Amino acid sequence: MAWLAGAAGQLTRGDVTMPYLFNRSGQIAPGNLLDAMSWAVQITEKVNDLVDTPFSLWSTVLSPKVGTLSWSTVVADLADLTAIDAKMMGDGGYLELVEKGGKFLNADGMNDSVVSIVHAHPYERDTLAYAAITTTTLAPGHMVDGVQLGVEIADKVRALSGCSVMFGTSLTGPYGEVGWIVLCESIEQVQHLNTSMSADPEWFEMLDNRASKAYSTGSGMRTITRKIA
């Protein structure tokens, strides 16, 4: 499933809690890379002109499925998503851009995902440049302690790296999937994230003694994404 960073913190806009991360993704087809990226930025700008909730455009780098584009945002509830979709579907200019984009994406088309955000730290949206994303699946019988541990892991990564972290559970996609998004302002900060965790014995103890039981073996996936717009 494609997890992307849209917003974080206690996830508030004014006094409204924002507990859902929405992500739409698709992989660029071979050829026309420059035109595809130009189109992706153009449709991002169009969406942000149409709706009040800001969308960000991201691209997978240094990871599996290079060339995957993702548009993400955070909303207060699912009704917000349906309202956003209705507004876009009613705009001829947006639909023309969607149709134009068909030639830039591979045959798999687009995929949507929704994440219920459980825990997150504040951050400055405009300063984000990269997101390090880890997903895994809860082991059978470990839903409660797996989610509780997920929050602890998020806070541990925050303490070690200084980066803001979002933890959530998949509302759509693989059942029982959970994930962490570490929000970074530079590729150097991504490197520091990995260095700081690798140098901490308590981190490995947490993984060996607790995470190995709470999450299904072999279900983990890590990717890095770069913010485009």
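Bear in mind the structure is a predicted one, so any value in this text is a computation, not a measurement.
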Any donor-acceptor N/O pair, Ser63 side chain to Thr60 backbone, under 3.5 Å: no
For residues Thr172 and Asp112, report the shortest heavy-atom separation together with the two atoms involved. OG1-O, 4.3 Å
Would you say Tyr94's side chain and Lys46's backbone share a donor-acceptor pair under 3.5 angstrom? no
Is a donor on one side and an acceptor on the other found under 3.5 Å between the side chain of Ser164 and the backbone of Pro122? yes
Backbone N/O of Thr195 and side chain of Ser198: donor-acceptor pair under 3.5 Å: no
Examine distances only and state if a side-chain atom of His119 and a backbone atom of Phe167 form a donor-acceptor pair shorter than 3.5 Å. no
Looking at Val66, is its backbone amide N or carbonyl O close enough to the side chain of Gln27 to form a donor-acceptor pair, meaning the two atoms are under 3.5 Å apart? yes
Running the 4.5 Å side-chain criterion over Ile, Leu, Val, Met, Phe, Trp and Tyr, what cluster does Val144 land in, apart from itself? none
Taking Asn23 for its side chain and Ser113 for its backbone only, find out whether a donor-acceptor pair lies under 3.5 Å. no
Quick one about Arg24 and Ser70 (side-chain donor to acceptor, distance below 3.5 Å, no hydrogens or angles considered), yes or no? no
Do Ile153 and Trp203 touch side chain to side chain, with heavy atoms closer than 4.5 Å? yes
If I compare all heavy atoms of Ser216 with all of Pro140, which pair ends up nearest, and what's the gap? OG-CD, 4.1 Å
Who else is in the cluster with Val61 when I, L, V, M, F, W and Y are joined by side-chain contacts under 4.5 Å? Leu62, Tyr130, Ile187, Val190, Ile224
So, the side chain of Thr44 versus the backbone of Ala40: is there a donor-acceptor pair under 3.5 Å, distance only? yes
Test salt bridge (charged side-chain N to carboxylate O under 4.0 Å, His left out) on Asp145 and Lys213; report intermediate values, then the result. CA-CA 10 Å; Asp145 57 315; Lys213 300 178 180 67; over 6 Å; no
Minimum-distance pair of heavy atoms, taken over all atoms of His192 and Leu160: NE2-O, 4.0 Å
Under 3.5 Å, is there a donor-acceptor pair between the Ser219 and Thr136 side chains? yes
Closest heavy-atom contact between Arg158 and Cys163? CD-O, 3.0 Å
Do the charged groups of Lys156 and Asp200 touch, with an N to O distance under 4.0 Å? yes
Parallel, tilted or perpendicular: which describes the rings of Trp39 and Phe104, with under 30° parallel and over 60° perpendicular? tilted
Which atom pair, heavy atoms only, marks the closest approach of Gly150 to Tyr215? N-OH, 3.2 Å
Heavy-atom neighbours of Glu152 CD exceed 12 at 6.0 Å: yes
